[in-house]
Amino acid sequence: MAAVRATEIMVAAASRELRDGEVVVVGIGLPLMACFLAKRTHAPRLISLSEIGVINSDAKDTPVGVADPRNFYRATCRSSFLDIMGLNLHRGIVDVGVLGALEADGFGNINTTLIKDEEGNIRYWNGSAGGNDTASLAKRVILIVRHDKRKLPKTLAHLTSPGFVQGRSREQLSLRGGGPSRLITDKAVIGFDPQTHQATLVSVHPEIELADVVESTGFELKIPGDVKVTALPTPEDLRLLREELDPNDLYLGRRKARS
Amino acid sequence: MAAVRATEIMVAAASRELRDGEVVVVGIGLPLMACFLAKRTHAPRLISLSEIGVINSDAKDTPVGVADPRNFYRATCRSSFLDIMGLNLHRGIVDVGVLGALEADGFGNINTTLIKDEEGNIRYWNGSAGGNDTASLAKRVILIVRHDKRKLPKTLAHLTSPGFVQGRSREQLSLRGGGPSRLITDKAVIGFDPQTHQATLVSVHPEIELADVVESTGFELKIPGDVKVTALPTPEDLRLLREELDPNDLYLGRRKARS
Amino acid sequence: MANDANKVKTVAEVVQTIPDGAHIALGGFAINRCNIVVSHELIRQQKKDLTLSQGVVGLDTDLLVGAGLVKRCIMGGGSLDRFGPVHCINRARETQPGWSHDYSSLTICLKYLAGALGISFIPTKCLMSSEVLDRLEQFAPDDIRKMKCPFTGEEYLLLKALTPDICFVHVQVADREGNSQISGARWENEEQAKSGKRLVVVTEELVPTEYIQRNPERTIIPGHRVEAIIHQPFGAHPSACFDYYDYDADHLRLYVNHSKKKETFPDYVNKYILGTKDHWEYLDLVGGLKQMNEIRAEKLLGY
Amino acid sequence: MANDANKVKTVAEVVQTIPDGAHIALGGFAINRCNIVVSHELIRQQKKDLTLSQGVVGLDTDLLVGAGLVKRCIMGGGSLDRFGPVHCINRARETQPGWSHDYSSLTICLKYLAGALGISFIPTKCLMSSEVLDRLEQFAPDDIRKMKCPFTGEEYLLLKALTPDICFVHVQVADREGNSQISGARWENEEQAKSGKRLVVVTEELVPTEYIQRNPERTIIPGHRVEAIIHQPFGAHPSACFDYYDYDADHLRLYVNHSKKKETFPDYVNKYILGTKDHWEYLDLVGGLKQMNEIRAEKLLGY
């Protein structure tokens with residue numbers, strides 16, 4: 001079997017954060033892969049919602065995006081934004097949101113709108129779509145972002161979707177939902193301190209040095225005493241990802257490994 | 001052919017108030033009959049909406065009520081309150097509402113909630129259901145009420161659905177829609193003065209005396225100089241009503257002739 | 001979480017979990033898809049002090065009120081269509097001022113919609129300048145407010161969201177997860193069902209999930225919202241269930257003959273509800289297989 | 001009144017009735033059921049100063065922006081999925097601060113819902129404490145307000161209703177009255193379509209009303225809301241139309257190769273839009289019958 005790729009570690013780690021029976025709003029790409037993997041392993045009764053209006057997609061072919069009809073296959077309900085994001089997410093019954101981002105900061109705020117280069121030139125990307133809605137309302141949020149100083153900065157180029165803005169509580173921010181619970185990167189799994197909401201290292205992926213993690217993180221990262229090593233994907237995880245969920249390396253391919 | 005019944009005159013007169021292509025929210029009973037009659041005669045492209053969530057019912061058997069599945073037959077859309085009463089009526093695109101009532105007053109306000117006997121004892125009936133919504137929002141409203149002093153009083157026992165309350169304009173009442181345009185009874189057709197909103201006689205049914213109309217009206221009725229005689233239903237109207245729309249005299253039967 | 005492995009329950013099991021004083025929303029409309037099986041069991045288990053809400057009240061709520069289980073009704077109006085008024089509900093309204101909070105069809109629906117959307121209020125232009133509003137101001141002053149739109153200056157009524165403790169809805173078809181599809185008009189079923197803290201579906205037919213997946217655009221209630229599924233054919237009798245059976249006109253007339261007077265209503269309850277141990281016994285008592293075949297819907301007509 | 005006897009029109013006829021400066025809402029989502037046939041004709045007729053609104057922007061809006069027709073965009077985000085960003089829209093955002101009013105998927109949907117319900121505002125808990133809100137406060141200060149719920153005291157954002165001048169939605173099936181049924185996910189199609197002052201449907205297939213009546217629970221847009229029906233098979237190409245055809249991956253890549261740079265975009269417009277007189281010519285140019293057969297949906301998969 002080929003060497004385990006960083007994307008596979010990320011997806012498997014995110015998948016393990018999802019518990020059986022939970023209701024999950026899931027974005028495209030690695031979040032969708034994590035959700036599909038969880039469903040085929042430890043969480044067969046997980047409910048996946050796509051903002052576009054799809055419940056329990058059971059894609060046979062890897063969808064290229066939320067709007068790809070491959071994502072409608074064998075769904076148990078095909079409805080609308082209003083149903084998924086209004087009558088479920090805004091209603092407060094969504095347990096988890098899984099989101100990718102251009103940038104995440106040390107309080108789990110994310111940017112999916114634009115990037116700034118060193119000269120301050122702005123380049124726009126997707127904007128919020130369902131991201132702000134999910135971050136504002138899901139009971140907890142799992143973020144999946146590639147790990148480098150630029151993508152995990154101290155200050156975001158644009159705060160699209162709030163976590164614990166400036167370390168404040170969700171109540172203080174007038175937000176519902178519990179905010180971010182995990183930030184999963186290709187180097188580590190990061191949590192948020194229950195009191196200070198500060199990013200706190202949970203585990204480092206195998207073969208990654210702690211110093212590398214610290215070095216490539218732009219925000220202040222709390223390092224507790226009991227940092228673990230992230231569990232590798234199981235052989236079955238790898239088989240599912242490689243043979244069934246993303247056989248063409250649309251999301252897991254090394255060069256395409258962007259969230 | 002049997003003698004023309006008062007209910008048939010009422011239904012035909014109400015039907016003639018509906019123009020081809022209009023969007024109509026229609027209550028059960030004589031309003032539904034009027035709407036079906038219009039559709040089968042001069043207004044084949046009339047659109048009928050039932051609050052329960054039915055568009056263009058083409059009932060084969062006379063429905064006993066809005067909730068009768070007979071009313072779902074050959075519909076072009078089966079949806080919901082929210083669609084019919086929200087996304088159509090509240091949206092402001094309904095041209096006409098046709099409503100029955102326990103009582104109507106001289107400003108076209110109606111009562112569908114309760115009646116009081118002379119000792120002041122209260123007896124409850126249906127309440128608003130879609131009546132208040134329709135009266136508050138349709139561009140114009142046609143009322144169908146049996147004609148006697150008790151049912152056309154000066155003061156309603158309960159103002160369920162507003163017309164021109166105390167003669168005030170719809171703007172003054174914070175209401176949308178144009179308010180009542182016609183009050184059709186088994187004796188006469190009554191309109192509302194564009195300025196004062198006061199009930200104003202339009203036509204008297206054949207064989208009914210003007211004095212009888214005045215005598216059996218509890219509120220002040222303006223009598224202009226040009227009161228006409230209400231046109232009788234055509235032979236085709238009568239055939240349709242008797243043979244197709246209400247062959248069992250569910251609504252048109254003399255004893256059951258209540259709106 | 002509404003996601004146990006086995007969600008198919010008996011109505012008795014479900015009703016046992018409802019405390020006295022609960023706010024129950026029922027999904028019937030006049031004489032169509034009424035939650036009869038639920039109302040019967042609530043009466044058998046003698047629940048009390050219930051708050052009942054429903055867009056257009058029907059037979060299911062009238063039964064509960066007649067049997068004395070209901071301390072408050074939140075409703076938009078209602079009747080048994082041409083079979084008569086909701087006598088039990090009307091008697092309660094006549095004898096206890098403020099017992100019912102009366103709205104209209106759309107405003108009840110908007111209150112459920114707000115609940116289902118997780119917003120605590122929603123504006124409307126209905127009810128303005130009516131005695132319906134006057135009475136709400138008197139009897140439910142904490143549930144309504146007037147407000148000018150900050151964008152247009154137009155005056156609106158703000159309605160407070162309704163979030164029942166438990167909602168019941170009668171559907172034609174559901175799978176074992178609770179994915180439910182409704183045929184015919186749906187009145188406020190979707191908004192009501194999704195507004196509550198708990199949701200229980202009563203279904204005529206239990207189908208494999210594969211059947212749901214053939215036409216997932218028709219899924220009005222997705223399974224993850226459903227705590228329990230009660231499988232009860234003819235569960236809405238004597239009200240109608242489109243595509244399955246017509247209303248039972250004879251039994252509705254019999255019901256109204258009893259409900260008309262306070263004195264005769266207990267006879268109905270004793271014979272048809274307390275006198276039967278479950279809905280199968282009730283169905284036998286009201287005519288059994290032969291009568292159910294009599295009212296069974298014709299294919300093309302759906303009634 | 002949207003109820004003429006003959007509602008079936010050509011896209012050219014419909015687009016002729018749209019004045020410069022109109023607010024147009026398009027029903028596409030990224031690369032699915034985009035209103036390509038409408039965007040192309042708007043470009044051919046050189047409309048200008050349009051306001052465009054859409055939940056999740058896609059190819060249909062990107063085309064219009066790239067061709068310079070749009071002075072303001074009201075949107076919830078968007079991309080061409082894995083094929084790339086909406087380059088034309090992003091360039092406009094980069095060069096003209098405040099050109100777009102950016103919301104989220106749900107908040108755009110709620111704005112349409114308010115418009116469709118005829119209420120001028122609706123509350124939400126989204127966007128709070130975000131830079132999305134900061135920017136709206138800066139660039140669209142008349143469209144948002146904060147407010148405490150009078151019933152719960154909770155802080156809400158009030159969104160102003162959206163009521164476009166004309167809405168377009170691409171559907172699989174419509175009859176000659178405009179009764180329309182949509183297969184697959186519907187995103188904000190229903191709320192958007194019903195929010196506008198005018199509504200035009202583009203349909204893959206024109207069916208007899210009897211077909212609609214077989215499954216009227218599936219009618220998302222009733223005919224009386226529809227002013228005109230444009231019948232155009234493959235009208236969403238190169239985006240997908242569930243149950244009819246898949247997206248055309250090769251053409252999407254070709255599009256992105258042109259849209260990536262301001263300089264190369266006019267080549268695309270000149271060749272594929274201005275160089276063709278209608279959608280049939282366009283379809284021939286992009287591969288005609290053979291290519292359409294290539295992307296035609298498989299029965300069970302729907303793509």
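Just so it is clear: chains get the letters A, B, ... in the order the sequence lines come, proteins before strands, and each one is counted from 1. Small disclaimer: the values here were computed from a predicted structure and weren't measured.
The parts of C:Leu106 that come within reach of chain B are both its backbone and its side chain, each placing non-hydrogen atoms under 4.5 angstrom from that chain. Residue contact with chain B, scored on non-hydrogen atoms closer than 4.5 Å, involves the side chain of C:Tyr247 exclusively. With a 4.5 Å cut-off on non-hydrogen atoms, C:Val86 does not touch chain B at all. Neither the backbone nor the side chain of C:Arg33 comes within contact range of chain B; no heavy atoms are under 4.5 Å apart. Both the backbone and the side chain of C:Glu94 come within contact range of chain B, judged by heavy atoms closer than 4.5 Å. In this structure, the portions of C:Leu300 lying under 4.5 Å from any heavy atom of chain B include both its backbone and its side chain. Contact annotation for C:Thr124: both backbone and side-chain heavy atoms come within less than 4.5 Å of a heavy atom of chain B.
The CD atom of C:Gln192 lies 5.5 Å from the SG atom of C:Cys167; values are rounded to the nearest 0.5 Å.
Taking a cutoff of 4.0 Å between a charged side-chain nitrogen and a carboxylate oxygen, B:Arg70 and C:Asp246 qualify as a salt bridge. For the pair B:Lys151 and B:Asp186, the salt-bridge criterion is not met [side-chain N within less than 4.0 Å of a carboxylate O].
Note: B:Arg176 leads B:Met85, B:Gln172, B:Arg176 in heavy-atom pairs under 4.5 Å with chain C. Considering only heavy-atom pairs separated by less than 4.5 Å from chain C, the leading option among B:Ser128, B:Gly127, B:Pro69 is B:Pro69. Contact count versus chain C (heavy atoms, under 4.5 Å) is highest, among B:Lys60, B:His90, B:Gln166, B:Arg168, for B:His90. Between chain C and the residues B:Gly65, B:Gly86, B:Gly131, B:Cys77, the most heavy-atom pairs under 4.5 angstrom are made by B:Gly65.
B:Leu173 is not listed as a side-chain neighbour of C:Met128, based on a closest heavy-atom distance of 4.5 Å or more.
Taking the six-membered ring where tryptophan is involved, the planes of B:Phe164 and B:His197 are essentially parallel, since the angle between them stays under 30° and well short of 60°.
B:Thr200 pairs by the side chain to side chain contact (heavy atoms under 4.5 Å, CB included) definition with B:Asp193, B:Lys222, B:Pro224, not counting sequence neighbours.
With hydrogens and angles disregarded, no donor-acceptor distance shorter than 3.5 Å links the side chain of B:Arg140 to the backbone of B:Gly178.
The interface of residues 148-164 of chain C with chain B, defined by heavy-atom distances below 4.5 Å, comprises C:Glu154, C:Glu155, C:Tyr156.
Residue C:Tyr244 is tested with C:Gln172, C:Arg296, C:Glu204, C:Glu205 for a side-chain hydrogen bond (donor to acceptor under 3.5 Å, both in side chains); the sole match is C:Glu205.
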